[in-house]
Amino acid sequence: MAKIVLPDGKVIEAQDGITAGEVALKIGAGLAKAAVAAKIGGKLIDLDTPIAGEVKLAIITLKDKEGMEILRHSSAHVMAEAIKALWPEAKLVYGPTVQDGYYYDIDLDTPIKPDDFARIEGKMAEIAKADKPIKRIEMSRADALKRVEGDRYKTDNVNRALGDVMSFYTHGDGFEDLCRGPHVSSTGKIGAFKIMSVAGAYWHGDAKEKMLQRVYGTAWPTQKDLDSYLNMLEEAKKRDHRILGKQLDLFSFHEEGPGFAFFHPKGMVIWNSVIDFWRKVHRKYGYQEIKTPIMLNESLWHKSGHWDNYKENMYFTTVDEITYAVKPMNCPGGLLVYKSRPHSYKEFPMRVAELGLVHRYEASGVMHGLVRVRQFTQDDAHIFCTPQQIEAEVVGVINLVFEIYKAFGFGDFTIEVSTKPEKHIGSDEIWDIATNALKGALEHKGLQYKINEGDGAFYGPKIDFHIRDCLNRPWQLGTIQLDFSMPQRFELTYTDKDNTEKTPVMLHRAILGSLERFIGILIEHFGGNMPLWLAPEQMRVMTISEKTNEYANGLYKKLFDAGMRVGIDLTDEKVNGKIVRAHADRLPYMVVVGPKEAETNSVNVRIRGLNQSKTLGVDEFVAIVKSKVENQDLGLEL
RNA sequence: GCCAACGUAGCUCAACGGUAGAGCUCUGGUUUUGUAAACCAGGGGUUAUCGGUUCGAAUCCGAUCGUUGGCUCCA
């Protein structure tokens with residue numbers, strides 16, 4: 001007798017051997033129809049899995065995250081079958097689900113082209129329409145190895161798989177694939193799907209290995225869900241900083257300097273607003289600021305270790321037979337400043353910031369708008385302190401990160417700790433101490449974080465702050481990196497209480513990361529609708545007709561003199577047209593004036609995105625705007 | 001760097017072997033307007049670059065440069 005305990009505590013008794021699907025049917029016909037799989041004590045199983053004894057069972061439907069993953073995973077299998085049907089020589093490698101979809105890595109010498117997608121989808125539709133049962137076959141590891149003999153990829157997958165029982169799934173018709181499962185019960189249940197793209201991907205993610213073809217697909221319960229997903233992607237594209245940057249005339253790129261951003265006047269307003277705020281907060285947190293040259297003698301980079309560890313990413317130039325390296329990082333220059341005079345423990349912690357322009361040669365295929373460039377400005381800082389001060393300093397930097405991100409309305413970022421990479425300098429012991437100090441600070445703040453094993457910089461472990469762009473791709477902004485190595489290489493010293501010379505600890509940190517990337521993310525975060533304190537043009541005076549030009553000009557001057565970033569539209573366009581244009585330029589405030597306003601010395605202000613306006617006195621309006629800008633207020637309400 | 005795709009006017013796109021077009025922007029004119037586009041006219045392109053095939057190339061082929069989506073790498 002099977003005793004099945006459901007999530008709500010209800011108990012169903014049945015014959016041993018009853019399947020999960022049959023249990024669902026006992027609970028209700030609706031649930032049975034919606035069921036895609038089941039879960040026994042945390043383990044996902046197929047609906048046709050027999051159940052015996054006392055178990056806790058939950059039916060998984062498409063309302064569950066796991067249900068959607070199963071749907072997508074099954075869709076990936078159907079896609080694999082379709083690809084095998086179209087290209088019999090194709091070898092299947094690995095086909096997991098990803099956010100909103102799945103991919104399958106295929107080893108096939110014929111390139112799969114976007115033109116082929118319709119054929120693949122057509123074949124998939126055929127397979128789905130045939131509604132073939134998807135069956136699980138289990139066997140021992142040894143039998144599984146025999147079954148995949150001669151297929152290097154599947155053999156590799158078996159060898160990497162955990163557990164003793166290997167499973168294959170078959171749709172009949174000779175198609176089968178090694179897979180942990182579970183899957184939907186038949187090929188007709190894979191919902192609405194679409195092939196999205198194809199791209200190269202190295203086997204095992206190793207650039208030395210063969211490049212496979214990675215075919216991306218997406219799958220949803222219904223066509224309507226699929227359509228709304230595709231629509232969402234279209235909407236997300238409109239928030240893309242590369243599109244908005246062009247549309248709003250913020251920045252541009254040119255063939256003459258790939259990866260080098262050109263900031264236009266409006267983009268510079270955002271840039272300067274960000275760094276004005278940045279300086280204000282850094283002053284509060286006890287930072288000093290320096291500036292060091294972008295090019296320094298090659299010998300410095302031998303000393304710093306960059307030559308050995310980072311040379312392939314650096315630019316070099318030779319003048320008068322002396323080779324200079326264009327700096328990829330600011331630290332060596334900062335260390336020369338430190339060494340320019342003796343230091344006492346009394347100065348510590350010494351927080352030295354630098355908005356440093358660095359150049360890094362990046363592979364051509366990785367550049368991406370403002371968020372991945374070859375020249376960028378880091379909001380760098382180096383903190384020199386004693387080992388005892390490390391944790392408090394890291395906590396201080398974390399506080400600063402939170403204060404700055406908050407002003408931009410960034411709440412949704414993730415924190416990662418990266419540990420010792422293969423290519424590194426410094427002893428294991430030093431790495432342990434440094435890594436533990438970083439973790440300790442995060443735990444002290446009660447923050448969740450993820451560990452990235454072996455992902456640290458060559459000179460020390462780090463904490464990174466990541467945020468996602470409009471298409472949900474993660475990008476790193478802030479970073480806190482401990483460095484016990486550089487101070488030794490540069491023989492940095494300070495005089496301690498006991499009058500002995502000691503080596504200080506050094507912390508590298510950036511909050512915004514790179515100004516370029518940060519501004520790119522900022523544009524996407526706001527979808528181009530910058531808050532008042534960042535908006536290139538905060539308001540535009542627009543007249544009803546030229547009868548009010550004189551008042552409008554006077555008003556413009558008054559607003560300009562009050563420090564507003566104001567524009568004026570005196571064209572003989574109708575006011576409707578002026579409003580449309582102002583919205584296209586994402587102006588926070590549209591200051592409409594006609595005879596009425598001229599008579600009462602007032603302004604009628606329409607707020608971006610709202611279909612209403614408000615009349616108020618000029619001085620009152622200026623006071624509100626000033627206060628919002630000073631406080632980095634993200635709202636526009638008057 | 002690797003795989004695939006794409007480069008047409010300042011912008012968004014059309015033309016897909018037979019004289020390169022439209023809308024917006026821009027310029028001039030008319031209009032004098034009350035909250036998401038008034039009207040008319042005009043200007044603007046060696047179709048990324050270089051080479052090839054062809055009577056004829058934006059269109060077909062090759063190379064180079066750039067961009068896009070991934071992979072690897074990274075702020």
Side-chain angles (χ1 to χ4, degrees), chain A residues 98 103 105 111-116 196-216 237 240 242-243 246-247 249 252-259 310 312-313 328-329 356 358 360-380 418 455 457 462 464-466 471 473 475-479 481 508 510-518 520-521 542-549 571-584 590-597 604-613:
Chain A
V98 290
Y103 63 78
D105 282 349
I112 295 177
K113 308 216 161 153
D115 289 346
D116 298 320
M196 301 298 285
S197 65
V198 60
Y202 302 107
W203 192 40
H204 288 175
D206 183 344
K208 288 182 222 84
E209 281 290 355
K210 176 160 190 180
M211 180 154 277
L212 308 166
Q213 301 194 62
R214 178 167 295 178
V215 186
Y216 284 87
K237 265 191 212 154
D240 190 317
R242 294 165 300 182
I243 310 267
K246 200 179 271 184
Q247 229 169 58
D249 196 17
S252 58
F253 285 91
H254 304 273
E255 285 196 14
E256 290 81 352
Y310 208 73
E312 55 279 18
N313 286 295
M329 296 184 194
V358 298
R360 298 182 184 175
Y361 178 77
E362 300 286 354
S364 60
V366 305
M367 288 185 298
H368 185 91
L370 286 179
V371 299
R372 189 79 187 265
V373 290
R374 285 178 172 160
Q375 181 206 59
F376 56 100
T377 302
Q378 288 185 307
D379 69 317
D380 212 344
S418 298
D455 226 17
K462 56 179 184 169
D464 289 332
F465 298 85
H466 290 89
L471 289 174
R473 291 173 291 214
W475 295 98
Q476 183 183 313
L477 297 183
T479 181
Q481 312 187 347
H508 311 246
I511 311 285
L512 309 175
S514 113
L515 261 298
E516 285 80 356
R517 173 177 293 180
F518 188 80
I521 292 288
M542 41 189 78
T543 48
I544 298 295
S545 79
E546 68 180 15
K547 289 171 190 156
T548 322
N549 279 4
T571 59
D572 50 7
E573 198 85 48
K574 286 173 87 167
V575 73
N576 280 324
K578 297 184 187 185
I579 297 272
V580 166
R581 270 163 238 280
H583 265 120
M590 293 149 224
V591 181
V592 178
V593 292
K596 267 190 281 182
E597 287 74 21
N604 181 272
V605 183
R606 180 169 171 148
I607 300 172
R608 177 179 64 204
L610 294 182
N611 202 0
Q612 62 201 31
S613 59

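Keep in mind that what you see is a predicted model, and the values were worked out from it rather than measured. Proteins get letters first, then strands, A, B, ... in listed order; numbering begins at 1 in each.
Note on R581(A): every side-chain N or O is 4.0 Å or more away from OP1 and OP2 of C24(B). Taking side-chain N and O atoms only, R214(A) has no distance below 4.0 Å to OP1 or OP2 of C3(B). Residue K462(A) has a polar side-chain atom (N or O) positioned under 4.0 Å from OP1 or OP2 of A75(B). Here R374(A) does not reach the OP1 or OP2 of A75(B): none of its side-chain N or O atoms lies under 4.0 Å away. Listed pair R517(A) / C74(B) fails the phosphate criterion, with no side-chain N or O lying under 4.0 Å from OP1 or OP2. When the side-chain nitrogen and oxygen atoms of T479(A) are compared with OP1 and OP2 of A75(B), none of them lie within a distance under 4.0 Å. Within the 4.0 Å cut-off from OP1 or OP2 of G34(B), not a single side-chain nitrogen or oxygen of K596(A) is found. Phosphate contact (OP1/OP2 of A5(B), side-chain N/O of K113(A), threshold under 4.0 Å): present. Taking only side-chain nitrogens and oxygens, R473(A) never comes nearer than 4.0 Å to OP1 or OP2 of U68(B). For N313(A), no side-chain nitrogen or oxygen approaches OP1 or OP2 of C74(B) to under 4.0 Å. A close approach under 4.0 Å does occur between a side-chain nitrogen or oxygen of H368(A) and OP1 or OP2 of G69(B). Contact annotation: K246(A) reaches the phosphate of U12(B) (side-chain N/O to OP1 or OP2, under 4.0 Å).
Note on V358(A): nothing from the nucleic acid sits closer than 4.0 angstrom, heavy atoms only. Contacts of Y103(A) with the nucleic acid, taken as non-hydrogen atoms under 4.0 Å apart, are absent. Using a 4.0 Å heavy-atom distance criterion, R360(A) is classed as a base contact. Note on E597(A): a base of the nucleic acid sits closer than 4.0 angstrom, heavy atoms only. Here A363(A) lies in heavy-atom contact (under 4.0 Å) with a base. Base contact: K574(A) has a heavy atom under 4.0 Å from a base atom. Contact annotation for V575(A): backbone-only contact, meaning every heavy-atom pair under 4.0 Å involves sugar-phosphate atoms and none involves a base. Contacts of G205(A) with the nucleic acid, taken as non-hydrogen atoms under 4.0 Å apart, involve only primed sugar atoms and P, OP1 or OP2. E362(A) comes within 4.0 angstrom of a base, heavy atoms only. Within the nucleic acid shown, A207(A) comes within 4.0 Å of sugar-phosphate atoms alone, with no base atom in reach, counting heavy atoms only. Contact annotation for M590(A): no contact, since no heavy-atom pair falls under 4.0 Å across all strands. Counting non-hydrogen atoms under 4.0 angstrom, G577(A) reaches the backbone sugars and phosphates but no base. Residue L477(A) is classed as a sugar-phosphate contact, given heavy-atom separations below 4.0 Å to backbone atoms only. Backbone-only engagement by Q476(A) is indicated by non-hydrogen atom pairs under 4.0 Å involving sugar-phosphate atoms exclusively.
Between the side chain of R606(A) and the base of A36(B) there is at least one donor-acceptor pair of N/O atoms closer than 3.5 Å. One can find a donor-acceptor pair under 3.5 Å joining the base of U31(B) and the side-chain atoms of D572(A). For U35(B), the base has a donor-acceptor partner in the side chain of N604(A) [N/O atoms by modelled type, under 3.5 angstrom]. With hydrogens and angles ignored, a donor-acceptor pair under 3.5 angstrom links the side chain of Y202(A) to the base of G1(B).
Judged by distance alone, with hydrogens and angles left aside, the side-chain atoms of E597(A) form a donor-acceptor pair with the main-chain N or O of G594(A) at under 3.5 Å.
Across all strands shown, nothing is found opposite U46(B) as a Watson-Crick or G-U wobble partner with both distances under 3.5 Å. The partner of U30(B) is A38(B), by the rule that a Watson-Crick or G-U pair needs both atom distances under 3.5 Å. If you check C55(B) for Watson-Crick or wobble pairing at under 3.5 angstrom, you find it paired to G18(B). C6(B): Watson-Crick or G-U partner is G66(B), with both key distances under 3.5 Å. In this structure, C73(B) makes no Watson-Crick or G-U wobble pair, since no nucleotide meets both defining distances under 3.5 angstrom.
For the pair G513(A) and S197(A), both in contact range of RNA chain B, the more 5′-proximal nearest nucleotide belongs to S197(A). Residues V371(A) and T571(A) both approach RNA chain B. Their nearest nucleotides, taken by heavy-atom distance, put T571(A) toward the 5′ side.
The side chain of M211(A) sits closest to G70(B) out of G70(B), C73(B), U35(B). Among the nucleotides A75(B), U35(B), U33(B), the one closest to any side-chain atom of K547(A) is U33(B). The side chain of I544(A) has U33(B) as its nearest neighbour among A75(B), U33(B), U32(B).
Annotation: side chain of N576(A) is not in contact with side chain of K578(A) (no heavy-atom distance under 4.5 Å). Between S613(A) and V605(A) there is no side-chain heavy-atom pair separated by less than 4.5 Å. Annotation: side chain of W475(A) is in contact with side chain of I521(A) (closest heavy-atom distance under 4.5 Å).
Between D105(A) atom CG and Q213(A) atom CD the span is 10.0 Å, to the nearest 0.5 Å. Interatomic distance, Q476(A) CD to S514(A) OG, rounded to the nearest 0.5 Å: 10.5 Å.
In this structure, F376(A) atom CZ and C74(B) atom P are separated by 12 Å, rounded to whole Å. In this structure, CE of M367(A) is placed 13 Å from C1' of C73(B), rounded to the nearest angstrom. Remark: C1' of U33(B) and NZ of K578(A) are 9 Å apart, rounded to the nearest angstrom. Taking atom CZ of R372(A) as the reference point, atom P of U72(B) lies 12 Å away to the nearest angstrom.
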ask   = Passes side chain to side chain donor-acceptor pair (under 3.5 Å), S545(A) versus K574(A)? Steps please.
value = CA-CA 8 Å; S545(A) 79; K574(A) 286 173 87 167; over 6 Å; no
Step-by-step side-chain contact (heavy atoms from CB on, under 4.5 Å) determination, K462(A) to D455(A) = CA-CA 9 Å; K462(A) 56 179 184 169; D455(A) 226 17; 5.6 Å; no
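Among the candidates N604(A), V591(A), I579(A), the single residue satisfying the side chain to side chain contact (heavy atoms under 4.5 Å, CB included) test with M542(A) is I579(A).
With C1' as the reference atom, U54(B) and G17(B) are 9 Å apart, rounded to whole Å.
In this structure, W475(A) forms no aromatic stack with the base of A75(B), since the conditions of centre separation below 5.5 Å and plane angle below 30° are not both met.
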